[in-house]
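I have placed the structure first, in the form of structure tokens, so that the comments after it can refer back to it.
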Amino acid sequence: MTDHPFALNQVVPAFLPEIHKTIANARPKVISFALDDPGDLVIRGHDIGALVMHQVTNVAQAVQAAERGVDIIVAQGSEAGGYSGKVATLPLVPQVVDAVHPIPVLAAGGIFDGRGIAAALMLGAVGVNMGTRFLSTPEAPFEEWKAPILDANSEDAVHVDIFNYATPMPGAQGYGTVIRGIRTPVLNDMISKSEKTIRPAQILAALSGDNKANMPVAGQSVGGISELVPARELVRRLVSEAEKALSRR
Ligand SMILES: Cc1cc2nc3c(=O)[nH]c(=O)nc-3n(C[C@H](O)[C@H](O)[C@H](O)COP(=O)(O)O)c2cc1C
């Protein structure tokens, strides 16, 4: 795959032992978990010689993850794309940093440029975990989401709780997170129907498989993203912008 260090991710509510075996065989330097108490998975990660990173959405989850022995904690604010909780990045990160000291904390949620990275460092994070910004790269394998991400304003990226009416879905379990995506006509129609009239099978059919364009999964940072930038160039830009922002202190 690569000679360089890499990380692999498994969301706890969708944990499958056979997938974990494949992950273990790949010998990642970091194994990351999210969306529920990692429990004994921390020991499993350490047993394969990996550092264990875990993403949390509030302080209580962070304290529990620290007690489990994780090596790195990602404090993910509710602005994030994908599944997220209720607390925004700005209040969450410094609280998690204080609660789990000296465990290193990464900030996630709503960061789309170097100023956001600089802000995360000011909050006590040692780095960031970015998702939505990297969807807007030519390399990202989600072609149908790119135009909506470039067009959307931040307020178009909403928490869609109807997704949790369909079980088993990751957000309906564990930390009780809700998926955030960009409003589309199909999604608006589904949101306007009540919990009683919409069926889980309809939700899954409308949003998965070939219908993925019905809900581009992305966070509130979409409003700040107006061009596709190759991943390599993006990382260079982010570092240079962060350095510039930090030098203005
Ligand atoms: C399309 C998409 C899929 C994601 N899938 C996962 C996942 O499988 N596992 C995970 O731990 N986090 C996942 N995340 C969340 C990211 O790890 C990260 O917390 C989030 O993207 C940060 O917020 P941002 O999107 O505002 O940058 C996903 C995010 C997006 C946008």
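Remember, it's a predicted structure, so these values are computed and weren't measured experimentally. As the structure lists them, so they are numbered: ligands from 1, and atoms in each ligand from 1. No hydrogens, no waters, no symmetry mates; every other heavy atom, side chains included, goes into these values.
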Do you know the tightest heavy-atom contact between [X] and [Y]?
{"X": "Thr89", "Y": "Gly109", "answer": "OG1-O, 2.8 Å"}
{"X": "Leu187", "Y": "Ile182", "answer": "CD2-O, 3.6 Å"}
{"X": "Gly45", "Y": "Ile31", "answer": "CA-CG2, 3.8 Å"}

For [X] and ligand 1, does the shortest N/O to N/O distance drop below 3.5 Å?
{"X": "Thr132", "value": "yes"}
{"X": "Gly219", "value": "no"}
{"X": "Gln55", "value": "yes"}
{"X": "Gly110", "value": "yes"}
{"X": "Val11", "value": "no"}

Measuring from non-hydrogen atoms of Met130 to any atom of ligand 1, is the shortest distance under 4.0 Å? yes
Phe112 near ligand 1 by a heavy-atom separation under 4.0 Å: no
Donor on one side chain, acceptor on other, Gln55 and Asn129, under 3.5 Å: yes
Report the nearest protein non-hydrogen atom to [atom]: residue, atom name, distance rounded to 0.1 Å.
{"atom": "atom 31 (C) of ligand 1", "answer": "Gly81 C, 3.6 Å"}
{"atom": "atom 23 (O) of ligand 1", "answer": "Ala80 CB, 3.2 Å"}
{"atom": "atom 4 (C) of ligand 1", "answer": "Gly82 CA, 4.6 Å"}
{"atom": "atom 11 (O) of ligand 1", "answer": "Asn9 ND2, 3.0 Å"}
{"atom": "atom 2 (C) of ligand 1", "answer": "Val217 CG1, 4.0 Å"}
{"atom": "atom 27 (O) of ligand 1", "answer": "Gly131 N, 2.8 Å"}

Taking the side chain as C-beta and beyond, is there a heavy-atom pair between Val178 and Tyr83 under 4.5 Å? no
Does the side chain of Thr57 reach to within under 4.5 Å of the side chain of Lys86, using non-hydrogen atoms? no
Can you establish whether the number of heavy atoms outside Asp40 located under 6.0 Å from its atom CG is more than 12? no
Mode of Trp145 contact toward ligand 1 - side chain, backbone, both, neither (heavy atoms, under 4.0 Å): side chain
For the backbone of Gly114 and the side chain of Glu241, can you confirm whether one donor and one acceptor N or O come within less than 3.5 Å of each other? yes
Tell me whether Asn164 contacts the main-chain N or O of Thr177 through its side chain, where contact means a donor paired with an acceptor under 3.5 Å. yes
Strictly less than 4.0 Å: does any protein heavy-atom distance to atom 17 (O) of ligand 1 fall in that range? yes
Mind checking whether Phe15 and His20 have parallel, tilted or perpendicular rings, split at 30° and 60°? tilted
Identify, by atom number and element, the atoms of ligand 1 in contact range of Ala34, meaning under 4.0 Å from any of its heavy atoms. 11 (O)
Output the list of atoms in ligand 1 that are nearer than 4.0 Å to some heavy atom of Ala108, sorted by atom number. 19 (O), 22 (C)
Assess the residue pair Asp71 and His46 against the criterion (side-chain hydrogen bond (donor to acceptor under 3.5 Å, both in side chains)); give the C-alpha distance rounded to whole Å, side-chain angles, the decisive distance to 0.1 Å, and a yes or no. CA-CA 10 Å; Asp71 304 290; His46 287 155; 2.7 Å; yes
